[in-house]
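Here the structure comes first, spelled out in structure tokens, and everything after it is commentary.
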Amino acid sequence: MLNTNNNTHIQKFKRSVLIKAALICFFIFISMYSFADSSDENTLLSSLDFSKAENLINDVRANKLDYLINEKKLTKAFELSKEQRWERLHLEAAALYAELLFRQERYKRLKHHLAFYLSNKQLTEQKDVHLLFLESQLKSLARNEDPTPAKNLAKELEKLIPQHSDNEKIIIFRALAYYYTDTDVLRKTLNAALEGLELALKNNDFAAQGYFYRKIADAYHLLTDVDKDKSKAVYYAKKAVKAYEKTSDGLFTAKAYWSLGNVLLEINDPNNALIQLNKALSYFKKVNMKKGLAFAQYSIADIQYLQGNYNTALTLVNQNIELARSAGIHDMHLASLILLADIYIKQNLLDKANQVNDEVYNNLDKFTRSIYKARFLAKRYELKRKLNYIDDAFEAIEDKLVYTKKHYEATSESNIKALQIKFEVKEREDKISQLEFEKDINKLQAIEEHQQKIIWRLSASIAFILVLVSLFLFYRQIRQRKKYHTIALTDYLTNSLNRRGVMQIADNLLANKPASIAIVDLDYFKNINDKFGHDTGDLVLIKFAQAAKDTLSENDTFGRYGGEEWLFVLNTLDKHKINDTFENLALTLSEYCREIEALPSKINITFSVGVAISNTHSKSLDVLIKHADQQLYKAKENGRNQIAIA
Ligand SMILES: Nc1nc2c(ncn2[C@@H]2O[C@H](COP(=O)(O)OP(=O)(O)OP(=O)(O)O)[C@@H](O)[C@H]2O)c(=O)[nH]1
């Protein structure tokens, strides 16, 4: 027994040592990891110079970078610009830092920050930055118990509107839309948001468009219970999501999805609502926004409740109660408690529901909006009636009437005025649709112009290619024509001019100046063919052409007139020169023919020549040829191997 006990103790000890070792390893790993992470961040931050800081600030301001995700970098830029006394940049960084503090809900810090910078005299020189500070100031003052300072600042900002540029006006309308939503003056929210939206659309400012679309959606969502207005809320909430998706503002994109999810929930489209709320949830997680998580999770729990999944809804809502309580989000804490009570009612746990309901009732003052109080009191009335607590039920219904009245007072000063404002709102909405329509038209026009440009460029390229191809074909045709022309005028065997070629040149020459025409005929050529074969005869003809090419001067020309007959056009009228030319040719021919192996060396190839000189007879080629032919006949008659000149 004792032994068994000892063993158990040893085992327990071993296990605890193992667990401790594992824990130590885990902590070492975690601290190494976070150290590596922060050292990375530090190197990055320490390398921030003026232009990097400026770029960072511009990007955050243009919503190309998220405030919360880039919290450390933005803080560093704010501190560094102060240290380095980059005054203009520092004021801008300080304005963005104020927004960061607001998003982080560090309200106390924000209050001091604003008090310090709003007293800076240089701030008024940077109008837009000054307005950013005033926007933060209004949001900060709206949280005060005393409503007067915020009210005064809102009035002041309203007065400032006309003297500012469009971009600056957007900041003012953004601030006013926030303030009026926060103070439940929803019609004014609608007005400010519509005015702001008009400018944001003009300026292609997507973040501002998203902001105003969402404010309009929220206003329609809360303003009335009319279904038509709810469908408008859906319409604007969808637009808000689309606009924010074009920015990198994670927090506001999350909020836009959350708004859309909620309004879909209200028009009884829980499936789509769930899709949007899950998107909101993932964005809230991305920027690590607890409050947002609580809001999104609440709505998801609400959907589970509506779909009858009470156990899932119960788990989610209990988690949310804790989350909202620890983050100090009163509205959400109370809303989650109300949902918890609703679930208990469905599960027939009426006592539990009653308990939770009383807890909410005791904290009624923590609700920010009268409409929330009124809606809760309606539920309380129902529950108390069910439980037969008549006094509580009547008290609840009386209170509900008070808060409903308050809500309507806050949202509509008088019915007539409300109608009038609705008309104004409608008019402005039409203007915005017109603006959006014009934008679409412009976009289409731009696309069409772009397409037209492409078509033009394409046509020009095709035309250019066609011109190139045509030029190439034209050039090729000319070359081919030249080639065919040359072929047509060339003797295929000897590669000298043929009859037509040489006659053409002779004609042209004689048209300009006098010349001598000679007909040359190889002697006893038939014998060569007969004795040594046709191929040898061909070779003799080739050698003759070569000899003629090498002997004649540049100005003389010759061609094969037919068979073994040649026509010579000599650019001289001098008989001696003509004689010399043919004597030289005879010598060269003998020499070249010696190269023909099939021809015995004793065989001497000779020719006879008949010449007609143009100035003594006629200028006509035909006549000259006729005379030359006659002279050739004479030369042959006289024994061959000689020249006869007319
Ligand atoms: N090998 C060869 N023979 C050719 C060609 N054209 C014509 N002949 C020959 O040339 C010979 C010409 O013979 P003839 O007109 O009798 O004249 P010849 O034999 O030269 O005698 P004479 O002119 O009287 O000196 C013929 O046998 C033709 O066949 C050719 O392209 N190649």
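Atoms within a ligand are numbered from 1 in the order they appear, just like the ligands themselves. What you see is a predicted model, and the numbers here were worked out from it, not measured in a lab. Start at 1 with the first residue, then count along the sequence.
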- Query: Taking the side chain as C-beta and beyond, is there a heavy-atom pair between K453 and W456 under 4.5 Å?
  - Reply: no
- Query: What are the two closest heavy atoms between D128 and R61, and how far apart are they?
  - Reply: OD2-NH2, 2.9 Å
- Query: Is NZ or CZ of K239 both nearer than 6.0 Å to the six-membered ring centre of Y236 and within 45° of the ring axis?
  - Reply: no
- Query: Can you find a pair of side-chain heavy atoms, one from Y592 and one from I596, that are under 4.5 Å apart?
  - Reply: no
- Evaluate the side-chain proximity of K577 to D556: yes if any heavy-atom separation is below 4.5 Å, no if none is. no
- Query: Name the residues with a heavy atom less than 4.0 Å from ligand 1?
  - Reply: D521, L522, D523, Y524, F525, K526, N529, H534, G537, D538, L541, R560, G563, E564, K636, R640
What side-chain donor-acceptor pairs closer than 3.5 Å can you find for residues 559-573, not counting sequence neighbours?
{"from": "R560", "atom 1": "NE", "to": "G563", "atom 2": "O", "distance (Å)": "2.7"}
{"from": "R560", "atom 1": "NH1", "to": "D491", "atom 2": "OD1", "distance (Å)": "3.3"}
{"from": "R560", "atom 1": "NH1", "to": "D491", "atom 2": "OD2", "distance (Å)": "3.3"}
{"from": "R560", "atom 1": "NH2", "to": "G563", "atom 2": "O", "distance (Å)": "3.0"}
{"from": "Y561", "atom 1": "OH", "to": "R499", "atom 2": "NH2", "distance (Å)": "3.3"}
{"from": "W566", "atom 1": "NE1", "to": "E564", "atom 2": "O", "distance (Å)": "3.4"}
{"from": "N571", "atom 1": "OD1", "to": "K513", "atom 2": "NZ", "distance (Å)": "3.2"}
{"from": "T572", "atom 1": "OG1", "to": "D574", "atom 2": "N", "distance (Å)": "3.0"}

